[in-house]
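First the structure, in the form of structure tokens, and then the observations on it.
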Amino acid sequence: MKSEYRNAIRDALQKALNLRNFPSQVSERHNKPEIEVSTKELVTQPVTITSDSEKCFIESSINSARVSIRFKFEEADQLEKLQGKTFLRYLTKRAEDFLIVRRIPLDGYSFSFLITNKHIDDLTKNKIVDFILIFMVDVEKEISSLKISQNARGRAIASEYMKLFG
């Protein structure tokens, strides 16, 4: 099931990232991402891919694409939700280091990427697609390991505390 979900995202990203240079219709002499500007005639039909409790929303235009991801921890217990939000907040505060990370995700999503034609020119499309897919897997692994280590620490503290009464 996971591989079908990831393959569907890979295919949709390959189609959505066919970007080219296009000057803005709103602001003269600027090349703004059309997906972020209010003009909608250059925006293609968005694609939503879902799997169990995960969701990926891909919007593309002539010169930019926005990929928004909702991770499964959003519907998990409070501890996992808190760890996930904290971890992703840490990453979004360092958005400059990742180049394609959007600082504020779309409403209802955990994380967003903004890819422009300049990113496609500087990096290759396949590397960007691979980065997004690897990022999704790594975030899930990291949050899972954080939860496991938190539970192990809690168990160790509880057993030490119970030794005082035993």
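Everything numeric in this text was worked out from a predicted model, so none of it was measured. Each residue takes its place number in the sequence, starting with 1.
- If you take CG on Leu91 and OG on Ser110, they are separated by 12.0 Å, rounding to the nearest 0.5 Å.
- Looking at heavy atoms from C-beta onward, Leu17 lies out of side-chain contact with Ser60 at the 4.5 angstrom threshold.
- Taking the six-membered ring where the residue is Trp, Phe87 and Tyr90 present parallel rings, their angle staying beneath 30° rather than reaching 60°.
- Between the CD atom in Glu75 and the OG atom in Ser53 there is a gap of 5.0 Å [rounded to 0.5 Å].
- With hydrogens and angles ignored, the 3.5 Å screen pairs a side-chain donor or acceptor of Lys125 with a backbone N or O of Gln14.
- Between Ile69 and Ile132, the closest heavy-atom pair is CD1-CG2, 4.3 Å.
- Using a 4.5 Å heavy-atom cutoff, the side chains of Leu13 and Val67 are in contact.
- For Ser68 against Ser112, the heavy-atom pair with the smallest separation is OG-OG, 2.9 Å.
- Across all their heavy atoms, Glu34 and Val43 have their closest contact at O-CG2, 4.1 Å.
- Within the 4.5 Å cutoff, side-chain heavy atoms of Glu80 are placed close to those of Ile143.
- Between Gln83 atom CD and Gln150 atom CD the span is 5.5 Å, to the nearest 0.5 Å.
- Checked against a 6.0 Å centroid threshold, the rings of Phe98 and Phe113 do not count as neighbours.
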Could you walk me through whether Asn21 and Lys118 pass the side-chain hydrogen bond (donor to acceptor under 3.5 Å, both in side chains) check? CA-CA 8 Å; Asn21 189 21; Lys118 292 178 184 174; over 6 Å; no

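- In this structure, the side chain of Thr116 does not engage the main chain of Pro33 through any donor-acceptor pair within 3.5 Å.
- Of the possible donor and acceptor atoms, one in the side chain of Arg70 sits under 3.5 Å from a partner among the backbone N and O of Gly108.
- Salt bridge annotation for Lys81-Glu74: absent, with no cationic side-chain nitrogen under 4.0 angstrom from a carboxylate oxygen.
- In this structure, the side chains of His119 and Leu19 stay at 4.5 Å or more apart for every pair of heavy atoms.
- Side-chain atoms of Ser64 come within 3.5 Å of backbone atoms of Ile35 as a donor-acceptor pair (strictly under, hydrogens ignored).
- We find the CD1-CG distance between Ile128 and Leu123 to be 5.0 Å, quoted to the nearest 0.5 Å.
- A pairwise comparison of heavy atoms in Arg20 and Asn63 identifies O-CB, 3.2 Å as the closest pair.
- Without hydrogens or angle criteria, Asn151 side chain to Ile148 main chain gives no donor-acceptor distance under 3.5 Å.
- Using a 4.5 Å cut-off between side-chain heavy atoms of Ile, Leu, Val, Met, Phe, Trp and Tyr, with links allowed through other members, Phe135 and Ile49 fall into the same hydrophobic cluster.
- Distance check: Leu42 CG to Ile62 CD1 gives 5.5 Å after rounding to the nearest 0.5 Å.
- Side-chain atoms of Val101 and Phe111, non-hydrogen and from C-beta on, do get closer than 4.5 Å to each other.
- Ring geometry, Phe71 versus Phe73: the interplanar angle falls under 30°, so the pair is classed parallel (tilted spans 30 to 60°).
- Summarising the local packing, NZ of Lys32 is surrounded by 12 or fewer heavy atoms from other residues, nucleotides or ligands at distances under 6.0 Å.
- Heavy-atom minimum distance, Tyr5 versus Met136: CE2-CE, 3.8 Å.
- Here the straight-line distance linking atom CZ of Arg66 with atom OH of Tyr109 works out to 10.5 Å at 0.5 Å rounding.
- Between Lys15 and Asn18, the shortest heavy-atom contact is O-ND2, 3.3 Å.
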